[in-house]
Amino acid sequence: MFEQRRRHPEARGRFSWLLSGLTLAAKMIEAQIRRAGISDLIVAAGGTNVHGETQQKLDVFANQALLHCLGVRDSVAALVSEENEEPLVFDRAPETGEYIIIFDPLDGSSNIDVNVNIGTIFSILRRPPGVGQDVSAAILQQGQKQVAAGYILYGPSTMLVYTTGDGVFGFTLDPAIGAFVLSHDRIKMPERGSIYSVNEANTDSFPPSYTQYFAALRKSGYSSRYIGSLVADFHRTLLKGGVFFYPPTRLHPSGKLRLLYEANPLAFIAEQAGGMATNGASRVLEIAPKDIHQRTPFVIGSPVEVSGFSS
Ligand code: FDP
């Protein structure tokens, strides 16, 4: 991070301070996740932890950790969480509160209770020039305006993957020293892969363009993987190539995934790694958001597979 900062002599360290808030929250969340099964036993035994506190659900804990660790950074103008109906806007002067942070505190919630990978996703926007004390109207920016985006994957090891628009970097948490160590320098997504990823149980309600494309992929020898945690499915796609889909379905006619919390940050990372992301028709990063909780169909992955599909 410092190396990247050296290339921007005008940087004042506010952004690094912000990222340190994210990594601190990530370590708090990861520590809680690691004890998840044990905490359940404690709850079953009496409902309180060793400090006499009632155990919280992990997604509530993750949300509060992020709101706290980021909210105390004075460069934050607003925090927009998937878990909260409304953004949390801070009354900070425009020259101080420079950043809007959008996050999904714990993605893949259906996998929390079964010890399967889950993640935190974040997207960072700058307060546009001329926007006064109330920044809420400036939250709905196109994904291409993001100044940084990333995710933390809580898996067999915990990883932070992020971009500031100058490549994608992966850091692995070394539990022995409690620090994220650069482990994946300038990640490049393979041109093409051999895996497609989609919840096939929804096949009957996918538009025909999707089912036809999946059939074509199968004919060409593709295999299939679906974890059901977006961060984990994306992380595999980033490293191994291939393509992930969340198409429109009967239950979710506009797709299930959220544009601001999920699609935009991962699309930024994918493009920075040489991949692509679309809603089936146009580039995700060019979609003009109308609502903070807006959903979108999502197709993301290697350029060969993503460009080969059109809804
Ligand atoms: P979840 O509902 O378990 O929180 O957006 C949330 C998400 O998981 C993604 O992480 C995941 O890719 C997707 O939804 C899974 O949805 P389906 O169960 O409908 O496949």
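All values derive from a computational prediction rather than experimental measurement. Remember, it's 1-based here, ligands and their atoms both numbered in the order they're listed.
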- Item | Thr163 side chain near Ile187 side chain, heavy-atom distance below 4.5 Å |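 Of all side-chain heavy-atom pairs linking Ile187 with Thr163, none is under 4.5 Å.
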- Message: Quick one, Asn63 and Asn84 - any side-chain contact, counting heavy atoms below 4.5 Å?
- Response: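 Yes, at least one pair of side-chain atoms sits under 4.5 Å.
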Enumerate, one pair per line, all nitrogen or oxygen atoms of ligand 1 lying under 3.5 Å from a protein nitrogen or oxygen, stating the separation to 0.1 Å; write 'none' if no such pair exists.
residue, atom, partner, partner atom, Å
ligand 1, 2 (O), Lys256, NZ, 2.7
ligand 1, 3 (O), Ser109, N, 3.2
ligand 1, 3 (O), Ser110, N, 2.9
ligand 1, 3 (O), Ser110, OG, 2.7
ligand 1, 4 (O), Gly108, N, 3.4
ligand 1, 4 (O), Ser109, N, 2.9
ligand 1, 4 (O), Ser109, OG, 2.8
ligand 1, 5 (O), Glu262, OE2, 2.7
ligand 1, 10 (O), Asp107, OD1, 3.2
ligand 1, 10 (O), Asp107, OD2, 2.8
ligand 1, 10 (O), Gly108, N, 3.4
ligand 1, 10 (O), Leu230, N, 2.8
ligand 1, 12 (O), Leu230, N, 3.3
ligand 1, 14 (O), Lys256, NZ, 2.9
ligand 1, 16 (O), Lys256, NZ, 2.9
ligand 1, 19 (O), Tyr246, OH, 2.6
ligand 1, 20 (O), Asn199, ND2, 2.8
ligand 1, 20 (O), Tyr226, OH, 2.5

Less than 3.5 Å apart, which donor and acceptor atoms pair up between the side chains of residues 68-75 and the rest of the protein, not counting sequence neighbours?
residue, atom, partner, partner atom, Å
Arg73, NE, Trp17, O, 3.1
Arg73, NH1, Cys69, O, 3.4
Arg73, NH2, Ser20, OG, 2.7

- Item | Aromatic ring proximity, centroids under 6.0 angstrom, Phe122 and Tyr162 |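 No - the distance between ring centres of Tyr162 and Phe122 does not fall below the 6.0 Å cut-off.
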- When rounded to the nearest 0.5 angstrom, what distance separates CG in Asp104 from CD in Glu83?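 Rounded to the nearest 0.5 Å, the CG-CD separation comes to 7.5 Å.
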- Message: Does Arg225 have more than 12 heavy atoms from other residues, nucleotides or ligands lying within 6.0 Å of its CZ?
- Response: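 Open.
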